[in-house]
Amino acid sequence: MSSHITAPRGTQDILPPISARWLALERRIHDLARRFGYGEIRTPIFESTELFVRGVGETTDIVEKEMYTFLDKGERSITLRPEFTAPVMRAALEHKLFAQGPQRWYYVGPIFRYERPQKGRYRQAHQFGVECTGFVGPEADFEVISLAWELVRSHGIDDAVLNINTIGDDECRPRYRESLLAHFRPHLDALSPDSQRRLERNPLRILDSKDDRDRPFVETAPTFESILCDGCRAHFGALRAYLDAANIPYVVNPKIVRGLDYYTRTVFEIISGALGAQSTVCGGGRYDGLVSSLGGPATPAVGFALGIERFLMMLDALHGDAVAPRAGVQAIALGAQARGVLVPLATELRRILAQPVFMDYEDRKLLAHLKAADRNNARYALILGSDELAAGEVVLRDLEARTDRRIPLGRAGDLAAALGEEQG
RNA sequence: GUGAUUGUAGCUCAGCUGGUUAGAGCGCCUGACUGUGACUCAGGAGGUCGCCGGUUCGAACCCGGUCAGUCACCCCA
């Protein structure tokens, strides 16, 4: 078994029938994005390592320890993309798209992070996300959040909660950071080892600590609310007003921080209890400083990324036991002569019918063919044996109603019509 | 990277304090029924017990290592 080659750790093969659920979700994603006026962007799966170091932030965990980085044969440092936002902005800069005003893109595809796999966490994961650039106002934040929420809402997922927060901008975030440092530093020795490490790196993250040792100091820590600058305060207030007006439920959660360096002002997550410890299915926010830090024009932007695997886990938890309705036709030929007639007929039916047409080609008993029809979850069996051949007919069996009818073995169109009638 | 836990048939799992030929259910194949499917019944195929090494007369079982799955920490989608 393990002497055979297996899929690399943290990756998975997506096989039928599960792959059909991926396809269904992807279709809804494409449709949703189109309705919001977003165009699909596809970027390379690998990029220059430098892009992520500058874009994501060199002290982030993603860049420090989670990237798939290697030298190619030309000695270039290459990295499998660990996220989409930096590549999308790189592409936009490369093609001078910001010169054309506000832009809206979405993407669907794999990302790669070298992590220990666990529930909802893989080394190759898939994300759907959007980026909206060129708008400084809260309307863009609202648009992006409502797009994400619409995907959740339209699937009837009821245990998902939208969490929003603001983490300030260049003006007030440094002030808040300083006040947190001033608050925690005197208690450094009493903090958990994790939080001691977080203090200089990203003190905001201490607020989200699960360690009891940190709790008393977290509770007395200054709130961002008290330090927020007027601009950020107004932006956040306006966003909340839009969400209220749209009846999108949310909670303000000061612990939502986000681990990537590029976020400013609005951050949000959609969280579900169906996901175990990796409870975030969708995370995003505003990143007004990223484009200029990549050497482009000062360009405000908002976006999010949504984990496809995690989203499908939520759908599983919601209605994992749903049975698919029977659909399609199992074409059954008994004997070589019947097969010679039925094979071309099946091909014609495939041209005409929207339903799938299944067919096995072995010389097997009728019983075995009908079992195959059950496995394929077919609604009908189209049976052609020597009797039917002699009579110039086929038997159309409704596998659900368990009824037979004989239909003249003529044009495929007549058959399709018969099937169409039966399908209502 | 840290910790816990689990690897036996396609799937879900038994397998006693080590004992020689490793089992069950489901699924699959064949037949009872030249040709009528979720039901019966009878046969059959399918396993280097994750892998490597050690201990032992003897290892699925004990020990070490390794790989992988699962879960949590960290972090994130």
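Chain naming here is simple, since letters A, B, ... match the order of the sequence lines and numbering starts at 1 in each.
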**Study point:** Separation between the P atoms of B/rG54 and B/rG46, rounded to whole Å
**Key:** 31 Å
Point to revise | Pairwise side-chain contact, A/Tyr287 with A/Pro300, heavy-atom cut-off 4.5 Å (strictly under) | key: no
Practice item. Could you give the distance separating B/rU8 and B/rG50 at their P atoms, to the nearest angstrom? Key: 6 Å
Exercise for review: Could you say whether A/Thr11 or A/Ala368 is positioned toward the 5' end of RNA chain B, judged by the nucleotide with the nearest heavy atom to each?
Suggested key: A/Ala368
Review point. Is the A/Tyr176 ring parallel, tilted or perpendicular to the A/Phe224 ring (thresholds 30°, 60°)?
Key: parallel
Practice item. Would you classify A/Gly335 as touching base, sugar-phosphate or nothing, given that sugar-phosphate means primed atoms plus P, OP1 and OP2, and contacts are heavy atoms under 4.0 Å? Key: nothing
Study note, to complete from the structure: To the nearest angstrom, the CG-P distance between A/Leu334 and B/rG35 comes to 9 Å
Point to revise | Interatomic distance at P, B/rA14 relative to B/rC73, whole Å | key: 28 Å
Practice item. Dot-bracket for RNA chain B, please, read 5' to 3', with Watson-Crick or G-U wobble pairs under 3.5 Å on both distances, ( ) within the strand, [ ] crossing, | other strand, . unpaired. Key: (((((((..((((.....[...)))).(((((.......))))).....(((((..]....))))))))))))....
Check your understanding: A/Arg326 has an atom CZ; how far is it from atom C1' of B/rA38, in whole Å?
Key -> 8 Å
Exercise for review: Check the pair A/Phe142 / A/Tyr242 against ring pair (Phe, Tyr, Trp, His ring centres under 6.0 Å), numbers first and verdict last.
Suggested key: CA-CA 7 Å; A/Phe142 168 69; A/Tyr242 277 121; 5.5 Å; yes
Revision key, fill the gap. In 5'-to-3' order, the base (B), backbone-only (S) or no-contact (-) status of each nucleotide in nucleotides 70-77 of chain B, using a 4.0 angstrom heavy-atom cut-off, is -BBBBBBB
**Study point:** Exam field: side chain A/Asp159 to backbone A/Ser272, donor-acceptor pair closer than 3.5 Å
**Key:** no
Review point. Which whole-number value in Å describes the distance from A/Met67 CE to B/rG1 P?
Key: 16 Å
Check your understanding: Separation of A/Leu396 atom CG from B/rU36 atom C1', in whole Å?
Key -> 14 Å
Exercise for review: Over 60° means perpendicular and under 30° means parallel, so classify the ring planes of A/Tyr68 and A/Tyr114, tilted if in between.
Suggested key: perpendicular
Point to revise | Nearest-angstrom distance, C1' atom, B/rG64 to B/rA59 | key: 15 Å
**Study point:** Under-4.0 Å side-chain N/O to phosphate OP1/OP2 contact, A/Arg375 with B/rC29
**Key:** yes
Practice item. Quickly, which of A/Lys65, A/Arg121, A/Arg123, A/Arg9 forms a salt bridge (Lys or Arg N to Asp or Glu O under 4.0 Å) with A/Glu115? Name it, please. Key: A/Arg121
**Study point:** Nearest heavy-atom neighbours spanning A/Thr266 and A/Thr166
**Key:** N-OG1, 4.2 Å
**Study point:** P spacing across the pair B/rC67 / B/rG23, given as an integer number of angstrom
**Key:** 33 Å
Point to revise | Atom-pair distance (CZ on A/Arg402; P on B/rA38), nearest Å | key: 7 Å
Exercise for review: Anything under 30° is parallel, anything over 60° is perpendicular, the rest tilted; go ahead and classify A/Trp22 against A/His126.
Suggested key: perpendicular
Practice item. Taking atom types as modelled, find out whether A/His235 and A/Asp169 have a side-chain donor-acceptor pair closer than 3.5 angstrom. Key: no
Check your understanding: Rounded to the Å, how far apart are A/Asp374 CG and B/rG27 C1'?
Key -> 14 Å
**Study point:** Atom-to-atom span, NZ of A/Lys365 to C1' of B/rG31 - whole angstrom
**Key:** 7 Å
**Study point:** Side-chain donor/acceptor of A/Glu400 to base of B/rG37, under 3.5 Å
**Key:** no
Review point. In whole Å, what is the span from the CG atom of A/Leu367 to the C1' atom of B/rU34?
Key: 13 Å
Review point. Say you pick atom C1' in B/rG18 and the same atom in B/rG58; how far apart are they, in whole Å?
Key: 8 Å
Point to revise | Spacing of the C1' atoms in B/rC51 and B/rA45 (rounded, Å) | key: 27 Å
